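Contents: one structure, followed by commentary.
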Amino acid sequence: MSISLERINKSFGNFQALNDISLEIGDGQLVGLLGPSGSGKTTLLRIIAGLESADGGRILFQGEDVTGQHVRERRVGFVFQHYALFRHMTVAQNIAFGLDVLPRKQRPAAAEIRRRVGELLEMVQLAHLAERYPSQLSGGQKQRIALARALAMQPRILLLDEPFGALDAKVRKDLRRWLRNLHDELNFTSVFVTHDQEEALELSDQVVVMSAGRIEQVDRPQALYAKPDSRFVFDFLGHVNVFAGALDGREVRQGEGWVRLPEPAGAGGEVQLYLRPHEVRLQLHAVEHAHLPLQVEAINLIGAEVRLELRPCGWQADELWEIGITHAEYNAWQPQRGDRCYAVPDVGHLFEARGGQPRTLYWG
């Protein structure tokens with residue numbers, strides 16, 4: 001079931017929550033709405049569901065205009081962050097609830113409801129918990145039951161609002177993988193809201209990055225990470241190290257720090273060079289194309305790499321730099337807090353003061 005949004009606008013009093021949103025979601029896609037709090041993600045999701053009405057624009061499901069349809073007519077499944085399970089009902093009763101309250105003419109027979117509930121419990125791998133109550137379940141189990149309840153109504157589209165936000169990190173990761181597999185098996189169209197960039201990049205076929213009620217960029221996760229269209233998208237998709245300075249010829253300078261660009265880059269003026277942690281190396285001495293002295297502030301040995309937090313020396317940055325090294329490099333170097341080293345960029349993304357898309361630069 002494809003979804004088309006055409007120039008959707010929504011205001012709450014003087015606050016413009018959505019501003020001229022247009023978006024195409026293909027049949028069978030899993031799409032992530034990614035952005036900070038207040039960017040309009042949940043408002044857009046609720047408008048797709050019919051839980052909120054837009055001030056202007058159209059919503060189409062598979063080419064059918066559903067803008068004026070009631071939420072019940074849209075056949076959309078909705079999963080909330082905090083489960084919204086009925087505490088006085090068993091797991092099986094929670095899943096069956098939406099079917100039990102349908103008007104008599106639309107309600108399946110009792111045997112059919114039991115059969116459908118049993119299939120869904122098997123699907124979410126919780127058949128052994130059918131007679132338990134929500135208070136007897138873990139957070140991950142509750143969220144699976146909430147998903148099964150949404151699927152019981154055989155929705156044309158599944159919408160999820162921060163579905164893993166209330167769970168701890170390990171359960172969240174396990175459920176993400178499970179949902180992706182379930183989506184691929186059933187091939188329904190899904191849209192989910194998140195502010196977690198790792199979650200969006202891992203789960204989605206397409207990621208929609210939102211800011212202040214507007215869409216900043218729509219792309220596949222790999223393309224989005226490789227070629228962000230704006231500073232906002234760059235800043236939001238993980239940590240980035242920024243060297244800001246004045247461009248003079250092929251050199252960007254600020255204080256004692258400077259980088260010589262591999263190619264001419266414009267008329268000059270203030271620029272920002274964005275360097276992701278994996279696009280820059282650390283050495284004990286400066287190199288021919290860069291002089292970026294840093295001081296080690298913190299060392300984190302947990303994980304696949306050793307992550308160093310570094311403070312600029314003789315030049316300034318808004319935030320500490322973060323650069324990863326391998327455990328082998330750490331064992332050979334044995335850095336300590338207060339040690340001095342130098343950043344060596346391999347790949348950089350140059351933003352000019354007047355805006356526009358970044359220019360990607362390669363050294364070596």
Side-chain angles (χ1 to χ4, degrees), residues 1-12 15-62 65-84 98 143 146-147 149-151 153 155-167 172 175-176 179-180 182-183 188-197 199-218 221 236:
M1 179 68 63
S2 64
I3 305 172
S4 297
L5 305 177
E6 299 179 354
R7 308 196 69 174
I8 299 295
N9 288 279
K10 179 66 177 180
S11 295
F12 297 99
F15 175 66
Q16 183 86 29
L18 296 174
N19 194 336
D20 209 31
I21 296 288
S22 293
L23 179 65
E24 295 290 332
I25 297 173
D27 185 16
Q29 281 195 326
L30 178 55
V31 173
L33 302 181
L34 174 66
S37 297
S39 60
K41 310 181 301 293
T42 295
T43 299
L44 184 59
L45 197 76
R46 291 175 63 84
I47 285 174
I48 294 172
L51 297 171
E52 295 275 1
S53 58
D55 297 334
R58 293 202 308 161
I59 307 160
L60 296 94
F61 291 173
Q62 205 70 24
D65 191 339
V66 299
T67 310
Q69 285 187 3
H70 189 274
V71 60
R72 287 193 299 268
E73 299 172 307
R74 296 190 189 189
R75 284 186 55 198
V76 168
F78 205 102
V79 179
F80 299 91
Q81 176 178 350
H82 294 290
Y83 326 126
Q143 195 58 291
L147 182 57
R149 183 177 60 185
L151 294 176
M153 302 301 293
R156 299 188 292 178
I157 293 166
L158 182 65
L159 306 177
L160 306 101
D161 187 11
E162 298 274 10
F164 313 123
L167 306 173
R172 193 160 62 236
L175 267 186
R176 287 204 304 257
L179 177 61
R180 179 72 242 192
L182 182 66
H183 177 273
F188 47 74
T189 302
S190 307
V191 184
F192 73 100
V193 161
T194 183
H195 63 270
D196 184 325
Q197 57 266 27
E199 190 168 282
L201 295 175
E202 180 182 331
L203 264 180
S204 308
D205 298 312
Q206 294 275 343
V207 179
V208 180
V209 183
M210 298 184 65
S211 170
R214 296 179 181 272
I215 292 177
E216 290 279 342
Q217 188 172 348
V218 182
F236 198 73

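Since we're looking at a predicted model, the values are computed, not measured.
Residues passing the ring-ring contact (aromatic ring centres under 6.0 Å, His included) test with F61: none are found, sequence neighbours excluded. Partners of A212 under the side chain to side chain contact (heavy atoms under 4.5 Å, CB included) rule, at least two apart in sequence or in another chain, do not exist in this structure. Partners of T42 by side chain to side chain donor-acceptor pair (under 3.5 Å), not counting sequence neighbours, listed by chain and number: D161. The side chain to side chain donor-acceptor pair (under 3.5 Å) check on R176 picks up E198, E202, with sequence neighbours excluded. Shown here are the side chain to side chain donor-acceptor pair (under 3.5 Å) partners of E6, two or more places apart in sequence or in another chain: R58. With sequence neighbours left out, the side chain to side chain contact (heavy atoms under 4.5 Å, CB included) criterion links T194 to L34, E162, F192, D196, E199, A200. Among residues two or more places apart in sequence or in another chain, the side chain to side chain contact (heavy atoms under 4.5 Å, CB included) test is passed with D205 by Q29, L30, R180, H183. For S2, the side chain to side chain contact (heavy atoms under 4.5 Å, CB included) test picks out Q62, with sequence neighbours left out. Considering only residues two or more places apart in sequence or on other chains, S22 meets the side chain to side chain donor-acceptor pair (under 3.5 Å) condition with none of them.
When all heavy atoms of A49 and F78 are compared, the closest pair comes out as CB-CD1, 3.7 Å. Across P155 and A150, no two heavy atoms sit closer than the pair CD-O, 3.4 Å. When all heavy atoms are compared, the tightest approach of S204 to P221 is O-CG, 3.2 Å.
The structure places CG of L23 at 8.5 Å from CD1 of I3, a figure rounded to the nearest 0.5 Å. Distance check, rounded to the nearest 0.5 Å: CD1 of I48 to CG of L33 gives 6.5 Å. L60 contributes atom CG, which lies 8.5 Å from atom CG of L5 (distance to the nearest 0.5 angstrom). From I59, atom CD1 reaches atom CD1 of I47 across 6.5 Å, with rounding to the nearest 0.5 Å.
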Would you please test L151 and F188 for side chain to side chain contact (heavy atoms under 4.5 Å, CB included) and show each step?
CA-CA 10 Å; L151 294 176; F188 47 74; 4.1 Å; yes
Test side chain to side chain contact (heavy atoms under 4.5 Å, CB included) on L147 and L182 and set out the steps.
CA-CA 11 Å; L147 182 57; L182 182 66; 3.8 Å; yes
Take V191 and L44 through the test side chain to side chain contact (heavy atoms under 4.5 Å, CB included) and record every step on the way to the result.
CA-CA 10 Å; V191 184; L44 184 59; over 6 Å; no
Start with the C-alpha gap between N9 and L18, add the side-chain angles, then the distance that decides, and say whether side chain to side chain contact (heavy atoms under 4.5 Å, CB included) holds.
CA-CA 5 Å; N9 288 279; L18 296 174; 5.7 Å; no
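In terms of modelled atom types and a separation under 3.5 Å, the side chain of Q143 and the main chain of P163 share a donor-acceptor contact.
Annotation: side chain of V208 is not in contact with side chain of K41 (no heavy-atom distance under 4.5 Å). Here the side chains of S37 and H195 are not in contact, with every heavy-atom distance at 4.5 Å or above.
Counting only residues at least two apart or in different chains, side chain to side chain donor-acceptor pair (under 3.5 Å) contacts with residues 68-78 comprise E64-Q69. Applying the salt bridge (Lys or Arg N to Asp or Glu O under 4.0 Å) definition to pairs two or more places apart or across chains, those involving residues 15-33 are R7-D20.
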Which donor-acceptor pairs under 3.5 Å do side chains of residues 50-57 form with protein atoms, sequence neighbours excluded?
unit_1 : atom_1 : unit_2 : atom_2 : d
D55    : OD2    : S11    : N      : 2.7

